[in-house]
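This report concerns only the one structure given below.
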There are 2 protein chains.
Amino acid sequence: MNENLEILKRNGLSVTEGRKKILDLFLDNEGALAHADIEKYTDAAFDRVTVYRTLQTFVDKGIIHQIPTTDNSILYALCKHKCEAGHHHDDHVHFICNLCGKTICLDDVTVPAVKLPKGFKPAQAAMVVTGTCSDCK
Amino acid sequence: MNENLEILKRNGLSVTEGRKKILDLFLDNEGALAHADIEKYTDAAFDRVTVYRTLQTFVDKGIIHQIPTTDNSILYALCKHKCEAGHHHDDHVHFICNLCGKTICLDDVTVPAVKLPKGFKPAQAAMVVTGTCSDCK
DNA sequence: CAAAAACTTGCAACATTATTGCAAATATTG
DNA sequence: CAATATTTGCAATAATGTTGCAAGTTTTTG
Ligand SMILES: [Mn+2]
Ligand SMILES: [Mn+2]
Ligand SMILES: [Zn+2]
Ligand SMILES: [Zn+2]
């Protein structure tokens, strides 16, 4: 069975062209995608609003997760672990390559715990490393 | 001597009302500021474009640093270490409080090193922790 | 399988945020 | 203080994000 279909059904989502296509992009793409990438890769076949809503739906369901950036954009990538609606477990480090520009989920590199000052209670931690990726090295 | 003035001169920047005022905001404010905050705190006394350019200039000079977020905004905070033009050394963890919304530079908490897969060469690492801050606890 | 119900999409209108060129204003230099 | 260098605000333009709603599509029901 197509993996995209399987994922949509498992999450109780109606199966539509747009959702299948956008999910495929994530499944086929190793790196993370920004809203703009998706518009480009789908040749603007779907309305910009639909893309916004689809991404939001996927995040809500725990199908994709967001990666913070420092350039007024948000990157999205597949959740490979068992994320559920309302509860993500994406504790891995993200790597942004300065040369090729790709953002890669280092699924096997866990964000290390840090000791916070008194009174601070951590809930989630994100880590983004920049540098040169293994392809560009 | 006023600290803002001192910082501007040290970095070879012309001293203007806008720069002094915006720099003061950072000096007076413990937390990080977004572009929108600055417009609000200055009562829109300066054109939006001037604020963009001022923030960019400060980042370039190593006076402030950027903090990545997951909501299409960029936060800025003072560099407290010896950052130079073109070379930042802000290796500290950032904490975003889910209750009061403040973003705090944990200047004494260093981003831990992580072991990356073969071929990846790190240059910089950023870490953002969310949760409850010491004021809101 | 067809009808009803539930949900998703695209459009249009609108709002917010960001970028650029350029002339006027301001700051620095000597 | 005059000459020069730099910064600012404005206007125009672009890019990005949000909302309501009617039409279209998918799912459920009998
Ligand atoms: Mn990831
Ligand atoms: Mn900081
Ligand atoms: Zn690369
Ligand atoms: Zn707080």
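Order of the sequence lines sets the chain letters (A, B, ...), proteins ahead of strands, with each chain counted from 1.
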Residue list, salt bridge (charged side-chain N to carboxylate O under 4.0 Å, His left out) with B:Arg48, at least two apart or on another chain: B:Glu39
Starting from C1' on C:dT16, measure out to CD on B:Glu39 and report it in whole angstrom. 11 Å
Of A:Val15 and B:Gly18, the one whose closest DNA chain D nucleotide lies more 5': B:Gly18
Testing C:dG10, D:dT7, C:dT8 for proximity to the side chain of A:Ser14, the answer is C:dT8
Between CG of B:Leu55 and P of D:dT8 the distance, given in whole Å, is 12 Å
Calculate the interatomic distance between A:Lys21 atom NZ and C:dT8 atom C1'; express it in whole Å. 18 Å
Less than 4.5 Å apart, any side-chain heavy atom of B:Val59 and any of B:Tyr76? yes
Specify the separation, in whole Å, of atom NZ of A:Lys20 and atom P of C:dT9. 12 Å
Expressed as a whole number of angstroms, how long is the span from A:Asp47:CG to D:dA23:C1'? 14 Å
Donor-acceptor pair present, B:Arg48 side chain and D:dG9 base, under 3.5 Å: no
Under 4.0 angstrom between B:Thr50 side-chain N/O and D:dG9 OP1 or OP2: yes
Between A:Asp60 and A:Gln56, is any side-chain donor less than 3.5 angstrom from a side-chain acceptor? yes
Side-chain donor/acceptor contact of A:Arg53 with base of D:dG17 under 3.5 Å: no
5' priority, DNA chain D, between A:Val49 and A:Ala36 [closest heavy atom]: A:Ala36
Heavy-atom side-chain proximity of B:Phe46 to B:Thr54 below 4.5 angstrom: no
To the nearest Å, give me how far apart CD1 (B:Ile22) and C1' (D:dT7) are. 12 Å
Any idea which heavy atoms bring B:Ile74 and A:Asn72 closest together, and the distance? CD1-ND2, 3.5 Å
Rounding to a whole Å, what distance do you find between B:Arg19:CZ and D:dT7:C1'? 6 Å
Please report, to 0.1 Å, the donor-acceptor pairs under 3.5 Å made by any side chain of residues 12-32 of chain B, with sequence neighbours excluded.
from	atom 1	to	atom 2	distance (Å)
B:Thr16	OG1	B:Arg19	N	3.3
B:Glu17	OE2	B:Lys20	NZ	3.4
B:Arg19	NH1	B:Ser14	O	3.1
B:Asp24	OD1	B:Asn4	ND2	2.9
B:Asp24	OD2	B:Asn4	ND2	3.0

Need to verify one output field. Residue with the more 5' nearest nucleotide on DNA chain C, A:Thr16 or B:Leu13? A:Thr16
Residue set satisfying side chain to side chain donor-acceptor pair (under 3.5 Å) with A:Thr69, at least two apart, ordered chain then number -> A:Asp71, A:Ser73
Name each donor-acceptor pair under 3.5 Å that joins a side chain in residues 94-123 of chain B to protein atoms two or more places apart or in another chain, with its distance.
from	atom 1	to	atom 2	distance (Å)
B:His94	NE2	B:His65	NE2	3.1
B:His94	NE2	B:His92	NE2	3.0
B:Asp107	OD2	B:Lys80	NZ	2.9

Pull out every residue in residues 67-78 of chain A that has a heavy atom closer than 4.0 Å to any atom of DNA chain D, ordered by number, or say none. none
Roughly how many Å is it from NZ in B:Lys61 to C1' in D:dT6, rounded to a whole number? 12 Å
Would you write the dot-bracket representation of DNA chain C, where each base gets (, ), [, ], | or . depending on whether it forms a Watson-Crick or G-U pair under 3.5 Å and with which partner? ||||||||||||||||||||||||||||||
Taking the side chain as every heavy atom from C-beta outward, state whether B:Leu5 and B:Lys9 have any pair of such atoms under 4.5 Å apart. yes
Does some side-chain heavy atom of A:Asn11 sit less than 4.5 Å from a side-chain heavy atom of A:Ile63? yes
